[in-house]
Amino acid sequence: MRKTLIAGNWKMNGSNDSIAELLSGIRSQINSAWNCDILVCPPSIYVAQVVNQLAESGVNVGGQNVSDQDSGAFTGETSANMLKDAGCTYVLVGHSERRSLYGESSHTVAQKFEKALASGLKPILCIGETLEERENGTTMTVVNGQIDAVIDHLGIEKLAQGVIAYEPVWAIGTGVTASPDQAQEVHAAIRAHLAQSNSDVAQKTQILYGGSMNASNADQLLTQADIDGGLIGGASLKANDFIAICTAAG
Ligand code: PGA
């Protein structure tokens with residue numbers, strides 16, 4: 001049985017005050033009986049204080065990005081060891097904003113995945129097609145290619161140590177969510193693709209859905225057979241919305 005993971009990606013949002021408010025809202029409503037893992041990914045400068053403020057809450061903290069290098073003259077970068085040292089347990093790699101705005105190739109993303117694993121972090125590999133690619137009928141070529149870059153670099157067993165997040169680019173931050181059927185179709189196809197290399201890995205790999213998931217559509221998405229959780233942007237910035245999604249999952 002795959003456990004559900006609800007992950008909040010705060011992106012470049014927040015301040016000391018707004019984060020304190022968000023976390024106290026989350027802490028006060030969290031239910032230890034929920035059968036799901038919960039994760040928040042703050043901007044890296046806030047990671048340490050979020051770890052502090054979430055102490056003993058059971059909520060995991062993750063990075064939004066990680067360097068493909070270990071240490072040294074890489075101005076502005078944050079290494080996997082630093083995230084781990086600050087208390088992170090997860091890190092996002094290859095979010096579509098990193099790929100499209102900062103030119104991250106699938107090979108670079110695979111290197112980041114490798115660094116995360118080597119430091120004991122669980123990488124969440126973000127993949128997804130653009131609207132144009134969907135309309136061209138190349139969704140699975142794109143998505144499988146993004147997964148294969150990691151398999152080619154590290155092997156399927158290493159991929160299995162991370163999490164996959166399917167996030168159609170056209171659904172991110174747009175308010176347009178993939179329908180439960182559309183999402184399930186891609187998730188099942190991803191699992192079938194993994195099964196071609198290793199059926200055990202295919203069965204145990206968590207595949208999250210991301211892209212305008214919110215309090216009102218979470219339930220329908222999360223009850224699909226191959227959707228094992230959510231990666232939530234906008235709705236993770238409001239405690240009540242995020243808690244409503246966790247409730248649907250739990
Ligand atoms: P969204 O973002 O929920 O605001 O669409 C999801 C993401 O980018 O991870």
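Values reported hereafter were calculated over all heavy atoms of this structure, with side chains retained and with hydrogens, waters and symmetry mates removed. One-based numbering, in listed order, for ligands and for the atoms of each. Values in this document were obtained by computation on a predicted structure and should not be read as measured data.
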Exercise. Using a strict 4.0 Å cut-off to heavy atoms of Leu231, name the atoms of ligand 1 that fall inside it.
Key: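 In order of number, 6 (C), 9 (O).
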Between [X] and ligand 1, is there a nitrogen or oxygen pair with a distance under 3.5 Å?
X: Gly233; result: yes
X: Gly234; result: yes
X: Thr174; result: no

Taking only non-hydrogen atoms of [X], do any sit less than 4.0 angstrom from ligand 1?
X: Gly175; answer: no
X: Ser212; answer: yes
X: Gly211; answer: yes

Quiz item: Which is it for Ala165 and ligand 1 at heavy atoms under 4.0 Å: side chain, backbone, both or neither?
Solution: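 The answer is neither; Ala165 stays 4.0 Å or more away.
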Self-check item: Exercise: do Ser18 and Glu21 side chains pair donor with acceptor under 3.5 Å
Solution: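 No, no side-chain donor-acceptor pair sits under 3.5 Å.
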Practice problem: Go through the side-chain N and O atoms of Thr4 and Asp228 and say whether any donor and acceptor fall under 3.5 Å apart. | Solution: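 There is no such pair (donor and acceptor under 3.5 Å, judged by atom type) between the side chains of Thr4 and Asp228.
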Quiz item: Counting heavy atoms only, which of Glu167, Lys11, Met213 comes nearest to atom 2 (O) of ligand 1?
Solution: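 That would be Lys11.
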Quiz item: Taking the hydrophobic residues Ile, Leu, Val, Met, Phe, Trp and Tyr, and joining any pair whose side-chain heavy atoms are under 4.5 Å apart, which ones share a cluster with Met82?
Solution: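 Its cluster mates, by chain and number: none.
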Quiz item: Is the backbone of Glu129 close enough, under 3.5 Å, to the side chain of Thr139 for a donor and an acceptor to pair up by distance?
Solution: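 No, because the side chain of Thr139 does not come within donor-acceptor range (under 3.5 Å) of the backbone of Glu129.
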Quiz item: Going by the angle between their ring planes, with limits at 30° and 60°, are His187 and Tyr166 parallel, tilted or perpendicular?
Solution: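 Geometry flag for Tyr166 against His187: perpendicular rings.
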